[in-house]
Amino acid sequence: MRASGGDGNMKDIKIASRQIPSWLSNSTPDEFIETIKKSDAPLHVKYLQTMVECLCMLGKVAAAGAIMCQRLRPTIHDIITSKIKAHSELVNSSRSCNDQNAHTRGLHFVKGQLGSYQLSKHKRQNGISLSGTLLAVSPVSPVMAPTGKAQAAAKELLDSILDIVVQIFENHVIVGELLELKTAQNVDMNTPRSLTTDANWSPDSEASQVTGGYSIGFSLTVLQSECQQLICEILRATPEAASADASVQTARLASKVPSKGKKDGSEDGLTFAFRFTDATISIPNQGVDLIRQGWNRKGPNVLQEGYGSAAVLPEQGIYLAASVYRPVLQFTDKVASMLPKKYFQLGNDGLLAFVENFVKDHFLPTMFVDYRKGVQQAISSPAAFRPRAHTVALYTPSIEKGRPVLQGLLAIDFLAKEVLGWAQAMPKFAGDLVKFVQTFLERTYERCRTSYMEAVLEKQSYMLIGRHDIEKLMRFDPAKLSELLFNLRPIKQENLIHDDNKLILLASLSDSLEYVADSIERLGQRTARSPNQVADKGKTLASFADDYRKLAIDCLKVLRVEMQLVTIFHMQEMTNRVYLEDQDAEEPDEFIISLTAQITHRDEEMAPFVAGSEAELHIWYLLSSIFTLLTGNTMSYQALADMKSINLFGVQQICRNSIALEQALAAIPSIDGEAVQQRLDHVRTYYELLNMPYEALLAFITEHEGLFTAAEYTNLLKVSVSGREIPPDAQDRVSDILSH
């Protein structure tokens with residue numbers, strides 16, 4: 001471009017591409033020149049074609065090939081280093097403009113952003129930083145996480161470097177194909193017939209000698225080898241991470257060219273591996289000394305001090321393999337599209353093979369060990385299954401707004417998402433990573449199951465929820481369930497979970513399991529859509545979500561039955577008590593005071609933990625169990641049947657107990673206060689009928705025969721009420737009224 005009078009910018013390039021450059025217009029006309037002038041090929045292709053033609057005319061192909069073999073590696077090294085340096089200057093310049101007052105002056109721009117990193121948008125909860133809690137179990141820093149700044153920076157850097165390498169290789173493909181064509185023609189015309197019958201002779205080997213050892217295969221080997229060294233620098237890989245014979249294989253590949261008759265070169269037995277130290281090549285050519293010197297010399301031609309990638313990356317290390325994978329995959333596709341067919345295998349055995357082997361043999365094993373430690377730390381720490389303090393009175397589905405998910409399960413969910421984030425970055429290995437997530441989800445489930453059993457073992461509520469009839473009644477007939485439980489009297493205190501902390505743990509564990517189950521389900525849907533995810537005959541993430549959810553429901557079932565049993569435990573005192581008072585009491589019975597205090601306390605403690613999308617999982621089902629017991633036929637009306645005698649003050653005491661229960665239940669936000677009042681008004685009306693004379697009671701039954709059942713009306717007559725006379729045929733007359 002500059003030879004045409006421009007300065008090399010894009011405007012000059014566009015103008016020059018429509019003009020004949022001076023080096024072409026001033027050439028002596030011949031058949032080649034005329035063909036080039038008429039060609040529609042891009043200008044850089046015309047230049048390369050002319051260069052090869054000139055070298056052939058001068059007889060300098062071998063010398064030029066030897067020089068290219070000598071200079072290619074240090075030149076590529078310099079180009080990569082210069083690109084990284086320019087990139088570093090650019091981002092540092094951007095940082096200077098945008099962040100003049102930063103405390104991290106002098107650091108790279110990306111490094112300067114670390115302080116503002118917020119993990120997964122988690123905010124502070126109850127004065128505790130969630131990000132700090134989660135970071136403690138993650139084996140990587142925030143910048144090295146799958147979506148961290150180091151990953152983005154490494155991918156951006158490698159994309160830009162590999163784009164340049166692709167452009168360079170495109171030129172080498174053009175030159176290599178032209179040289180092969182020229183040398184093949186010369187060999188065919190000039191080689192004695194006796195040589196062509198030699199078993200050890202081939203046109204390609206002769207062509208390699210003619211080109212001074214230079215070939216497309218050699219260029220690709222060197223280009224990919226330099227890229228591999230850059231990747232090793234980014235990953236901080238050591239020589240031991242490569243195979244022991246890497247240098248030998250590299251040299252062997254560089255010195256061989258696939259034969260014409262072999263489409264992909266695979267029959268030559270060529271395998272590709274990258275060197276971690278310089279390789280020595282041996283090419284039977286007059287330029288062999290130059291090549292050896294350029295390849296191995298520890299001087300300015302081969303820089304060993306690295307590429308300077310640390311200047312543009314906030315961190316380096318093995319976890320950056322995730323950000324390396326996709327750029328290399330795209331690079332391999334581009335190279336494959338440019339390679340002549342006989343070199344196709346070189347693309348398959350190149351940079352991508354190295355990265356995939358590195359991931360399989362080094363990155364994944366390291367990751368599995370690191371995350372296994374994180375999982376162990378998450379589920380075994382003293383705080384892992386300790387219910388978190390909460391400031392919200394009611395349940396909230398948002399972690400940021402105060403949903404008190406157990407710290408251990410919150411950490412496991414975070415680790416699962418992080419590991420599957422690596423799977424998204426490296427889809428070929430998604431199956432292995434999903435299986436790994438399944439292993440620690442199973443381990444976590446067992447830990448949760450252990451905590452659950454520690455809270456419920458040998459307790460009556462746990463034994464009851466395993467009964468099929470209980471399960472069915474829970475779903476379809478809560479009132480009948482209350483009656484069944486009421487008939488289990490007497491309820492003994494030692495069979496109840498009297499430790500409130502265990503009840504709170506069950507509530508917290510239930511919500512936390514539900515949270516993780518929902519998260520696993522979403523993750524499973526995403527991984528199921530992955531094209532590289534192989535169907536597994538074993539458990540899937542969705543089946544783990546089901547297991548977690550079932551255990552969450554079991555926790556709620558225990559809580560529901562436990563609260564009903566506790567209510568029965570207190571209310572059974574009513575059937576043992578004699579309500580023949582000699583004066584009007586001013587307070588409810590002690591067992592009522594104890595029960596209402598317990599209802600209020602447990603509601604306050606458990607309400608923030610208990611919720612669910614299905615009706616049976618909602619908190620209403622927990623507390624409405626008490627509501628059903630206290631306001632339905634089971635408790636209040638059956639209690640009367642068990643009484644032998646009562647007086648006016650006794651009836652007033654029962655009504656006072658009812659009012660205390662009404663106030664306690666109505667104060668619970670999840671229960672309909674109006675429904676509570678209506679049901680307990682009904683109970684009070686029933687007990688107040690005991691104060692009526694017999695004839696007045698008959699009149700009431702006649703007018704309100706549907707208000708109570710026949711059994712309930714009959715029970716009113718069975719109780720001995722002080723001052724009330726009941727004739728012998730009283731029950732028959734009541735039956736008569738109700739039968740009509």
Side-chain angles (χ1 to χ4, degrees), residues 387 390 392-395 455 459-461 464 474 478-479 481-482 485-486 488-489 491-493 495-508 510-511 555-575 577 587-611 617-636 638-639 653-684:
H390 54 84
V392 291
L394 291 177
Y395 178 84
K459 299 303 179 183
Q460 192 170 5
S461 53
L464 285 171
M474 275 186 177
L481 173 63
S482 298
L485 295 177
F486 189 72
L488 295 176
R489 294 172 299 156
I491 304 298
K492 297 180 179 179
Q493 189 170 15
N495 294 331
L496 300 176
I497 304 174
H498 51 79
D499 185 350
D500 280 355
N501 290 327
K502 290 184 177 181
L503 292 172
I504 295 168
L505 172 62
L506 288 174
S508 179
S510 173
D511 182 52
C555 290
L556 287 181
K557 287 178 181 177
V558 168
L559 284 174
R560 179 177 174 183
V561 173
E562 182 69 26
M563 294 180 78
Q564 287 181 287
L565 292 177
V566 168
T567 303
I568 295 170
F569 171 75
H570 287 287
M571 292 298 289
Q572 68 190 5
E573 293 296 320
M574 181 176 178
T575 60
R577 190 185 183 300
E587 297 291 336
D589 285 327
E590 285 296 328
F591 69 87
I592 292 294
I593 294 174
S594 176
L595 176 59
T596 55
Q598 199 164 32
I599 290 172
T600 302
H601 174 68
R602 290 186 175 178
D603 170 56
E604 291 173 352
E605 291 296 328
M606 289 189 287
F609 297 101
V610 186
L617 299 183
H618 199 275
I619 186 174
W620 187 87
Y621 268 81
L622 290 177
L623 297 169
S624 67
S625 300
I626 300 174
F627 171 63
T628 302
L629 272 173
L630 296 178
T631 62
N633 299 357
T634 304
M635 182 66 71
S636 302
Q638 185 64 34
Q653 185 65 24
I654 290 174
C655 290
R656 185 172 287 105
N657 290 345
S658 173
I659 292 171
L661 290 171
E662 177 185 327
Q663 292 172 344
L665 291 172
I668 298 174
S670 56
I671 289 182
D672 185 351
E674 185 176 346
V676 170
Q677 183 180 0
Q678 290 176 355
R679 296 287 291 273
L680 287 174
D681 278 348
H682 194 264
V683 171
R684 286 192 289 272

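With contacts defined as side-chain heavy-atom distances shorter than 4.5 Å, the pair R577/D589 qualifies. In this structure, the side chains of R656 and I592 stay at 4.5 Å or more apart for every pair of heavy atoms. In this structure the side chain of K459 never reaches within 4.5 angstrom of the side chain of N495, judged on heavy atoms. Side-chain contact check for Q598 versus T567: every heavy-atom pair is 4.5 Å or farther apart. The shortest distance between side-chain heavy atoms of L464 and V558 does not fall below 4.5 Å. Between L661 and V676 the shortest side-chain heavy-atom distance does not fall below 4.5 Å.
Remark: the backbone N or O of M474 is paired with a side-chain donor or acceptor of R560 at under 3.5 angstrom. Judged by distance alone, the side chain of S510 and the main-chain N or O of L506 form no donor-acceptor pair under 3.5 Å. With T600 contributing its side chain and T596 its backbone, the two residues share a donor-acceptor pair below 3.5 Å. Side chain of E605 to backbone of D500: no donor-acceptor contact under 3.5 angstrom is found. Using a distance-only test at 3.5 Å, with no hydrogens or angles considered, a donor-acceptor pair links the side chain of D499 to the main chain of N501. Judged by distance alone, with hydrogens and angles left aside, the side-chain atoms of R489 form a donor-acceptor pair with the main-chain N or O of F486 at under 3.5 Å. In this structure a side-chain-to-backbone donor-acceptor pair under 3.5 Å is present from Q572 to I491.
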Practice prompt. Would you please test Q460 and L565 for side chain to side chain contact (heavy atoms under 4.5 Å, CB included) and show each step?
Written response: CA-CA 9 Å; Q460 192 170 5; L565 292 177; 4.0 Å; yes

Item to complete: Any chance you could lay out the side chain to side chain contact (heavy atoms under 4.5 Å, CB included) test for Q653 and N657, step after step, and finish with the verdict?
Response: CA-CA 6 Å; Q653 185 65 24; N657 290 345; 3.6 Å; yes

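Taking CD from Q564 and OG from S461, the interatomic distance works out to 10.5 Å, rounded to the nearest 0.5 Å. One distance of note links CD1 of I504 with CG of L559; it measures 10.5 Å at 0.5 Å rounding. Rounding to the nearest 0.5 Å gives a distance of 4.5 Å between CZ of R602 and CG of L503. Separating the CG atom in D511 from the SG atom in C555 is a distance of 10.5 Å, to the nearest 0.5 Å. Between the CZ atom in R679 and the CD atom in E674 there is a gap of 13.5 Å [rounded to 0.5 Å]. Taken to the nearest 0.5 Å, the CG atom of L595 stands 11.5 Å off from the CD atom of E573.
Annotation: side-chain hydrogen bond (donor to acceptor under 3.5 Å, both in side chains) contacts of H498 (sequence neighbours excluded): none. Partners of D681 by side-chain hydrogen bond (donor to acceptor under 3.5 Å, both in side chains), not counting sequence neighbours, listed by chain and number: R684. Residues forming a side-chain contact (heavy atoms from CB on, under 4.5 Å) with I593 (at least two apart in sequence, or on another chain): P588, E590.
Listed here is the closest heavy atom pair of F591 and M571: CE1-SD, 3.9 Å. Nearest approach of I497 to A455, heavy atoms of both residues: CD1-O, 3.7 Å.
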